[in-house]
Amino acid sequence: MTTAQGTTSSGKGNRIERVIGKGGLPMMCLWHSSGYSVVVSEYGAHIVSWMTPDERELLFLSDAAVFEEGKAIRGGIPIVFPQFSKQGPLPAHGVARTKRWKVVREQVSDNDAVSVTLRLNSDRQTETVWPHQFTLEFEIVLTDVLLTTLRVHNTGETPFSFTSALHTYFRTSDVSRVSIQGLSGAMFLDFLKNRESSVETRGEISIHEPIDRVYVNSPETVAIASGSDGVRYLVTKDGFADSVVWNPWIEGARTIADLRPEDYQQMVCVESGNVDAAITLAPGATHSAGQIIRAQRL
Ligand code: TA6
């Protein structure tokens with residue numbers, strides 16, 4: 001099997017391999033005996049690939065993505081912390097995705113999951129833009145599903161409040177045949193209409209125009225069916241209250257330098273996050289939130 005970063009597994013069981021990926025960035029390839037594989041960049045603890053046993057890529061990664069320190073990688077699963085989007089003084093989506101994380105744990109047990117944990121400690125640079133001490137841990141557990149958990153530890157002397165998300169870009173070959181299910185009845189803030197709030201009335205949300213919405217206190221599980229690929233993604237979140245749905249559409253894609261103009265047709269973001277209500281963490285406390293994503297044949 002060849003992963004998105006060009007690494008191949010010799011068809012063995014559970015394995016972890018460290019490679020140098022795009023832009024010379026260190027990456028880790030995880031293979032599970034089910035045949036699923038994941039590639040994560042130590043820069044940003046950023047999952048850039050999640051592939052099926054028959055080598056279908058399930059995440060969108062822009063061909064124009066920049067793999068350089070200081071720039072967020074466009075696609076995959078960016079980690080948003082401590083600020084979602086531009087809701088504050090920090091760079092959009094915060095600092096975590098543009099920092100080099102450290103691998104602190106690797107686990108390969110033949111009859112079970114393959115997992116890695118990466119850690120990021122606050123430093124002078126982060127404290128310049130966000131004056132709090134923290135340690136983040138991002139745990140990736142791969143079986144035939146992908147479980148990811150973000151743990152936030154307050155290592156300082158004062159409480160801090162943060163918003164966060166796993167900004168997942170799901171791949172589709174035709175966004176006009178995508179249907180997002182499970183959000184009916186949820187209240188949402190429309191970021192295209194100055195955060196105007198409404199209630200979702202549709203059982204199935206299709207995408208035929210720009211969409212940028214935060215569904216507040218959304219159901220635990222949301223499904224994204226991609227009719228053109230015969231696959232349904234199931235996202236089950238825990239510790240994340242909200243679901244964000246985003247597609248820039250034609251106009252928006254043109255304003256994003258690391259997206260090709262037609263890329264909006266091959267991606268849909270459904271993000272598990274704590275966006276509407278910030279989490280406040282006392283000194284010494286830890287907050288944990290995660291999601292399980294799985295791909296089912298339609
Ligand atoms: O996912 C929602 C969103 O906040 C959109 O408003 C858009 O800005 C997107 O994230 C991508 O943000 P980025 O900073 O990665 O370009």
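Atoms within a ligand are numbered from 1 in the order they appear, just like the ligands themselves.
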Engineer: Please list the nearest protein heavy atom to atom 8 (O) of ligand 1 with its residue and the distance rounded to 0.1 Å.
Structural biologist: Lys86 NZ, 4.0 Å
Engineer: Is Arg105 salt-bridged to Glu139, cutoff N-O under 4.0 Å?
Structural biologist: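 No, no charged N to carboxylate O under 4.0 Å.
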Engineer: Would you say Leu136 and Val141 are hydrophobically clustered, going by side-chain heavy atoms of ILVMFWY under 4.5 Å?
Structural biologist: no
Engineer: Run the ring-centre check on Trp130 versus Phe162 and record whether the distance is less than 6.0 Å.
Structural biologist: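 When the ring centroids of Trp130 and Phe162 are compared, they turn out to be at least 6.0 Å apart.
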Engineer: Give me the nearest non-hydrogen protein atom to atom 2 (C) of ligand 1 as residue plus atom name, then the distance to 0.1 Å.
Structural biologist: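 Looking at atom 2 (C) of ligand 1, the protein heavy atom closest to it is Asp212 OD1, 3.6 Å.
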Engineer: Centre-to-centre under 6.0 Å for Phe134 and Phe81, is that the case here?
Structural biologist: yes
Engineer: Given Arg97, Arg74, Glu271, which has its nearest heavy atom closest to atom 14 (O) of ligand 1?
Structural biologist: Arg97
Engineer: What atoms of ligand 1 come closer than 4.0 angstrom to any heavy atom of Ala92?
Structural biologist: 14 (O)
Engineer: Is there a heavy atom of Arg213 sitting under 4.0 angstrom from any atom of ligand 1?
Structural biologist: no
Engineer: Only heavy atoms of Ser85, strictly under 4.0 Å: list the atoms of ligand 1 that pass.
Structural biologist: 4 (O)
Engineer: Report yes if some N/O of His93 lies less than 3.5 Å from some N/O of ligand 1; otherwise report no.
Structural biologist: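 His93 vs ligand 1: N/O contact under 3.5 Å present.
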Engineer: What residues form a salt bridge (charged side-chain N to carboxylate O under 4.0 Å, His left out) with Arg260, not counting sequence neighbours?
Structural biologist: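 With sequence neighbours excluded, Arg260 shows a salt bridge (charged side-chain N to carboxylate O under 4.0 Å, His left out) to Asp63, Glu262, Asp263, given in chain and number order.
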Engineer: Taking 4.0 angstrom as the limit and counting only heavy atoms of Phe84, give me the atoms of ligand 1 inside it, by number and element.
Structural biologist: 2 (C), 4 (O)
Engineer: Which residues pass the side-chain hydrogen bond (donor to acceptor under 3.5 Å, both in side chains) test with Ser176, not counting sequence neighbours?
Structural biologist: Asp174
